[in-house]
Amino acid sequence: TSFLDRFFKAIHSRYDIEKPLIQRFIRRKLNLINTLKEENRRLKEAMNAQKKNLEKYAHEYYLMGNECITGTDVRAALANYDKALELYPEYTDAWVRKGVTLFDDDRVSEAEECLNQAVALRPSEFKPVYNRGKLRLHTGDTEGALRDLDKATSLKPRHAGAHECFADALMAAGKESEAALHYAWQKTEKKQEQLKNCIAMILKFYDKNNNSDDIQRVVDILNDGGIIIYPTDTMYAIGANALKERPIERICKLKNRSAT
């Protein structure tokens, strides 16, 4: 009986919708819903704009903190990082820089809290994981250091410092053969970084528009035994990897000179 009562009530309500009074009531409700939706949209836009402004101000404090570090004013640096994080609590780089600054100032427990926060915000980002791994290695947390530095070398396989720290952690864990492998990678990648930095200095000095892709392209050419032409103060010069025989022979052939 109760089912039939609800069924007949539903049918009766269907016919009520066709009445002008009911239709006016529904239109008013729909208009109210649309007004609230529009107001909600405007509020979201205002909140997003405010968030972007706070992020911009936080970045300014972050840069001031970095300048204080350059001037070795640790207290002022930390004050600026705190202000940046007050404005933008999800600013991962500020958490990392604050953690590194505290670590360098021998305030290890505070540094670990900052780096834990950074990793929680960006668990797949290199800087938080790498710096926490270094801190854990320093404090003797070998297992934690191994996890972080293993991940760091996966995130940036060509980072010499990450391979060196990971090798140190492996040695601490008694895994000497694996450590030797990462020490070898560290030496190789360090040479690559030195070569890349040297090329970057040359290219960016003469052409400010060169980016990291251009620099990496030149590094790859030199590693493959290729030859590059680059400007100097007075003329263009020929460059090659002096540790490889083939490019030296090619340069000598270009200049019609003997390789011996």
Side-chain angles (χ1 to χ4, degrees), residues 1-69 75-103 109-133 135 144 147-148 151-152 154-156 208-214 216:
T1 304
S2 60
F3 169 77
L4 289 175
D5 289 340
R6 290 196 297 271
F7 177 72
F8 288 121
K9 186 177 180 180
I11 293 176
H12 182 70
S13 298
R14 176 176 174 272
Y15 290 109
D16 283 344
I17 292 174
E18 297 175 359
K19 296 178 180 179
L21 181 63
I22 299 298
Q23 288 180 352
R24 285 197 299 272
F25 176 77
I26 292 172
R27 278 197 294 271
R28 281 199 302 272
K29 291 296 182 182
L30 289 174
N31 288 335
L32 178 60
I33 291 171
N34 290 332
T35 301
L36 291 173
K37 281 184 177 180
E38 180 61 23
E39 185 178 348
N40 187 45
R41 185 188 65 80
R42 287 197 300 268
L43 287 172
K44 283 183 177 179
E45 288 181 353
M47 288 177 63
N48 288 332
Q50 184 181 26
K51 185 180 178 182
K52 286 181 179 179
N53 284 332
L54 291 175
E55 290 175 10
K56 183 176 69 174
Y57 299 142
H59 184 62
E60 293 296 327
Y61 279 106
Y62 171 77
L63 293 177
M64 287 192 288
N66 291 346
E67 289 177 5
C68 292
I69 289 295
R75 184 189 61 79
L78 290 172
N80 280 302
Y81 294 142
D82 284 339
K83 189 63 178 178
L85 291 168
E86 181 184 340
L87 293 169
Y88 181 25
E90 297 177 354
Y91 198 169
T92 308
D93 284 347
W95 282 114
V96 172
R97 285 304 310 165
K98 182 181 177 182
V100 171
T101 303
L102 289 166
F103 178 59
S109 59
E110 294 175 75
E112 187 170 14
E113 290 178 10
C114 292
L115 293 173
N116 284 339
Q117 183 65 31
V119 173
L121 288 169
R122 298 285 178 86
S124 298
E125 195 168 286
F126 174 77
K127 284 196 292 184
V129 176
Y130 171 58
N131 283 288
R132 189 177 70 173
L135 182 144
R147 286 194 300 271
D148 282 344
K151 188 172 184 179
S154 300
L155 292 169
K156 274 197 176 182
K208 300 295 188 290
N209 294 322
N210 281 294
N211 55 39
S212 58
D213 291 336
D214 296 327
Q216 186 59 52

Query raised in the report: Taking the side chain as C-beta and beyond, is there a heavy-atom pair between R97 and I69 under 4.5 Å?
Result: yes

Query - Atom pair NZ/OG1 of K98 and T101 - distance to nearest 0.5 Å - result: 10.0 Å

**Report entry** Rounded distance [0.5 Å steps], OG1 in T92 versus CD in Q117
**Finding:** 8.5 Å

Report summary line: Closest heavy-atom pair, L102 versus C114, reported as atoms and distance to 0.1 Å, is CD1-SG, 3.8 Å

Query raised in the report: Is K156 close enough and on-axis enough to F126, meaning under 6.0 Å and within 45°, for cation-pi?
Result: yes

Query raised in the report: With distance as the sole test, does N40 use its side chain to make a donor-acceptor pair with the main-chain N or O of L36 at under 3.5 Å?
Result: no

Query - Results of side-chain hydrogen bond (donor to acceptor under 3.5 Å, both in side chains) for E110 - residues two or more places apart only - result: R107

Query raised in the report: Taking all non-hydrogen atoms of both residues, which atom of A120 and which atom of P123 are closest, and how far apart?
Result: O-CD, 3.9 Å

Requested in this report: Give a yes or no answer on whether the side chain of K151 reaches the backbone of G133 with a donor-acceptor pair at less than 3.5 Å.
Outcome: no

Scan the side chains in residues 48-62 for donor-acceptor partners under 3.5 Å anywhere in the protein, sequence neighbours excluded, and list what turns up.
from	atom 1	to	atom 2	distance (Å)
N48	ND2	K44	O	3.3
N53	ND2	A49	O	3.4
H59	ND1	Y91	OH	2.7

Query raised in the report: So does E38 pair up with R41, basic N to acidic O under 4.0 Å?
Result: yes

**Report entry** Any pair counted as salt bridge (Lys or Arg N to Asp or Glu O under 4.0 Å), so long as it reaches residues 122-131, sequence neighbours left out
**Finding:** D93-K127, R122-E125

**Report entry** Over all atoms of both residues, closest heavy-atom pair of A84 and A94
**Finding:** CB-CB, 4.4 Å

Report summary line: On a heavy-atom basis, the closest approach of L155 and S124 is CD2-O, 3.4 Å

Query raised in the report: Quick check: does any side chain N or O of W95 sit under 3.5 Å from a backbone N or O of P89, one acting as donor and the other as acceptor?
Result: yes

Query - Check against side-chain contact (heavy atoms from CB on, under 4.5 Å), N131 and L135 - result: CA-CA 6 Å; N131 283 288; L135 182 144; over 6 Å; no

Report task. Answer yes or no: is there a side-chain heavy-atom contact under 4.5 Å between N80 and C68? Result -> yes

